[in-house]
Asks: 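Below is the structure I would like to discuss, written out as structure tokens.
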Number of protein chains: 2
Amino acid sequence: MADLIYKTIIDSLKKEINQNQFPNMKLPDERSLAEQYDVSRSSIKRALGTMAEQGIIFKKRGSGTFINPLYLKQDSYFSYSGKNLGITDSYQINGQKPGIKVLNFDVVRPDAELQDNLFLKPSEFVYSFKRLRLIDNVPFMIETGYIPIKLAPELSEDIASESIFNYVESELSQEVNKTYLTISAAPSDDEGQQLLDLAPTEPVGMMEGIFFLNDGTPFEFSTMKLHYKYFKYGSFVDLSNR
Amino acid sequence: MADLIYKTIIDSLKKEINQNQFPNMKLPDERSLAEQYDVSRSSIKRALGTMAEQGIIFKKRGSGTFINPLYLKQDSYFSYSGKNLGITDSYQINGQKPGIKVLNFDVVRPDAELQDNLFLKPSEFVYSFKRLRLIDNVPFMIETGYIPIKLAPELSEDIASESIFNYVESELSQEVNKTYLTISAAPSDDEGQQLLDLAPTEPVGMMEGIFFLNDGTPFEFSTMKLHYKYFKYGSFVDLSNR
DNA sequence: AAGTGGTCTAGACCACCGT
DNA sequence: CGGTGGTCTAGACCACTTG
């Protein structure tokens, strides 16, 4: 799974953090870790740097490296805080099983907004599909997706009933590795109340995003409505150098 | 401003990109850049890596480094990719004037959770305040904040009625430059319905976050309830290396 | 096969923190 | 002052893409 040194270290440290192996919230210093793992300090720096970006830890020059207390409090059903996201395996909730039910699957013409979002000409068709996602048979998200047929000519309802992104990676030897997400909240509509079993006073979390391939090609435009109890998005934001 | 090598390179490359110095959308290879700038390849990698995280460029192993066409389009997609956020100036929507009304301002003992979040001993007091924020006199956000008195001894209701972060930067010569945000949705409660003028079926967007100073010191814990119509959070996410 | 980005090392020197 | 993270170098070797 993780034969890269820095990833191995990240996994290892995460595990230790989650097991409360650092009760004073402080990690060993970088030089010690380098010795402990028998790798160079640079590799440690890479691992810690990535973890800091993800908000798991933060570093204080002159003092040391500390665990972000908020990271330990990921109480809700699932949280995004970094890893994957919006995609099948990101709903990795303590071994509970994700499910997908395809509600519809068509080919349509993109409207103006969609043409913009996916860099399409009006003449280029897109697959349009709606999926209901479940955790342990509990529906928690309604997903509406659009993918240009030229980018995935063989897409089918069968594929949509599993992981589209896995299909892209295994069959098209491309990778979906970037996304621009817009997050908001909205009252639940009829569809949401029915499919997600919500009361009229209960809202949905909305995530709207464009997913990009390796090379920057916009691959999918997706709108996700999530049951608010299952919706928690964590984001570590660096307000400097931008 | 940018006496760091990698930052200098980022600035320089950004400028060149914006001036269309790379008409084929491809940057020189890393080794050439290293020679050109007379720095090590590692520094070039650091610069390019940061730019890739920000979505400005894409790297393709074996092929080269390319400019993200969306970055050149400079439209709304990248409006978030950095500066500010969730804080005063980020709600600067077309010159509308932000307002702040301080609902209360006290000094209290932190509870256990807050002690954790702000790295405090039980004996250390915090300022506790609630503010209503407005755009063009329309209330859109209820903010509850906690700041350790030791970090801002002179904090006052007056300061809270303007920008606390500006105060930190001008008076304490520190900078708030990182935050870990947790975003979710929730039904509106009585307070929200009253202050934000919401119907019972209308929700709030929730943002909970710890704001950090330059040196990693947790400075403020803040809970923000936003009128759902004014709540939109954008985030560019890199799904690789995680 | 040549070109290009990815990972990793070993070590130097700097800047900041706390005692 | 010693300890800690930050930046940078020089170079090795690997993995992927393209011709």
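Because the structure is a prediction, the values reported are computed rather than measured. Chain A is the first sequence line, chain B the second, and so forth, proteins listed ahead of strands; every chain is numbered from 1. All values below come from the heavy atoms of this structure, side chains included, with hydrogens, waters and symmetry mates left out.
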Asks: Give the nucleotide from the list C:dT9, D:dT7, D:dG5 with an atom nearest to the side chain of B:Leu4.
Replies: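 Nearest nucleotide to the side chain: D:dT7.
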Asks: So what is the end-to-end bend of the helix from C:dA1-D:dT18 to C:dG18-D:dC1, with 5 pairs used at each end and the value given to 10 degrees?
Replies: 10°
Asks: Does A:Tyr6 make a side-chain N or O approach to OP1 or OP2 of C:dT7 shorter than 4.0 Å?
Replies: yes
Asks: When the distance from CD1 of B:Ile44 to C1' of D:dA10 is rounded to whole Å, what number comes out?
Replies: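 Taking CD1 of B:Ile44 and C1' of D:dA10, I get 14 Å after rounding.
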Asks: Closer than 4.0 Å, any side-chain N/O of B:Ser63 to the OP1 or OP2 of D:dT17?
Replies: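 Answer is no, no contact under 4.0 Å.
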Asks: Quickly work out the B:Lys7 NZ to D:dT7 C1' distance and round it to whole Å.
Replies: 11 Å
Asks: Without decimals, in angstroms, what is the distance between B:Ile57 CD1 and C:dT4 P?
Replies: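 Whole-Å distance recorded here is 15 Å.
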Asks: How long is the line joining CZ of B:Arg41 and C1' of D:dC14, in whole Å?
Replies: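 After rounding, the reported distance stands at 11 Å.
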Asks: Could you tell me the separation between the CZ atom of B:Phe58 and the P atom of D:dT17, rounded to a whole number of Å?
Replies: 17 Å
Asks: Would the number of heavy atoms belonging to other residues, nucleotides or ligands and lying under 6.0 Å from CG of A:Asn24 be above 12?
Replies: yes
Asks: To the nearest angstrom, how far is B:Leu33 atom CG from D:dT9 atom P?
Replies: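 Rounding to the nearest Å, CG of B:Leu33 and P of D:dT9 are 13 Å apart.
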Asks: A:Lys59 has an atom NZ; how far is it from atom C1' of C:dC16, in whole Å?
Replies: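 Atom-to-atom, A:Lys59 to C:dC16, this comes out as 15 Å.
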Asks: At under 4.0 Å, does any side-chain N or O of A:Lys45 touch on OP1 or OP2 of D:dG6?
Replies: yes
Asks: Describe the nucleic acid contact of B:Lys60 in one word from base, sugar-phosphate, nothing, applying a heavy-atom distance below 4.0 Å.
Replies: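 Answer is sugar-phosphate: B:Lys60 comes under 4.0 Å of backbone atoms only.
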Asks: What's the closest nucleotide to the side chain of A:Ser42 if the choices are C:dA10, C:dT7, C:dG18?
Replies: C:dA10
Asks: Check the angle between the aromatic planes of B:Phe129 and B:Phe105 and answer parallel, tilted or perpendicular using the 30° and 60° thresholds.
Replies: parallel
Asks: What's the CD-C1' distance between A:Glu30 and C:dA10, to the nearest Å?
Replies: 15 Å
Asks: Take A:Ser43 and A:Gly62, find for each the nucleotide of DNA chain C with the closest heavy atom, and name the residue whose nucleotide sits nearer the 5' end.
Replies: A:Ser43
Asks: Taking NZ, NE, NH1 and NH2 as the nitrogens, is one of them in A:Glu30 or A:Lys45 under 4.0 Å from a carboxylate oxygen of the other?
Replies: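 Salt bridge flag = yes for A:Lys45 with A:Glu30.
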Asks: Take atom CD of A:Gln36 as the centre, draw a 6.0 Å sphere, and report whether it contains more than 12 heavy atoms from other residues, nucleotides or ligands.
Replies: yes
Asks: Report yes if a donor N or O on one partner sits less than 3.5 Å from an acceptor N or O on the other, where the partners are the side chain of B:Arg61 and the base of C:dG3; otherwise report no.
Replies: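 Looking at the base of C:dG3, it does not pair with any donor or acceptor on the side chain of B:Arg61 (distance under 3.5 Å).
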Asks: Counting only heavy atoms not in A:Asp38, do more than 12 fall under 6.0 Å of its CG?
Replies: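 Not buried by this count: 12 neighbours or fewer within 6.0 Å.
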Asks: Going by the side chain to side chain donor-acceptor pair (under 3.5 Å) test, which pairs reach into residues 146-158 of chain A, not counting sequence neighbours?
Replies: A:Glu124-A:Lys150
Asks: Check the phosphate of C:dT4 against B:Thr65, side-chain N and O only, distance under 4.0 Å to OP1 or OP2. Yes or no?
Replies: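 No, B:Thr65 has no side-chain N/O under 4.0 Å of OP1/OP2 on C:dT4.
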Asks: Ignoring hydrogens and angles, are the base of D:dG6 and the side chain of B:Arg46 linked by a donor-acceptor pair under 3.5 Å?
Replies: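 Answer no: no donor N or O sits under 3.5 Å from an acceptor.
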Asks: Closest approach to the side chain of A:Arg31, judged atom by atom: which nucleotide of C:dC13, D:dT7, C:dG5 is it?
Replies: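 Minimum distance to the A:Arg31 side chain belongs to C:dC13.
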Asks: Under 3.5 Å, is there a donor-acceptor pair between the B:Tyr37 and B:Ser12 side chains?
Replies: yes
Asks: Provide the closest heavy-atom pair for A:Pro28 versus A:Phe22 in the form atom of the first, atom of the second, distance.
Replies: CD-CE2, 3.7 Å
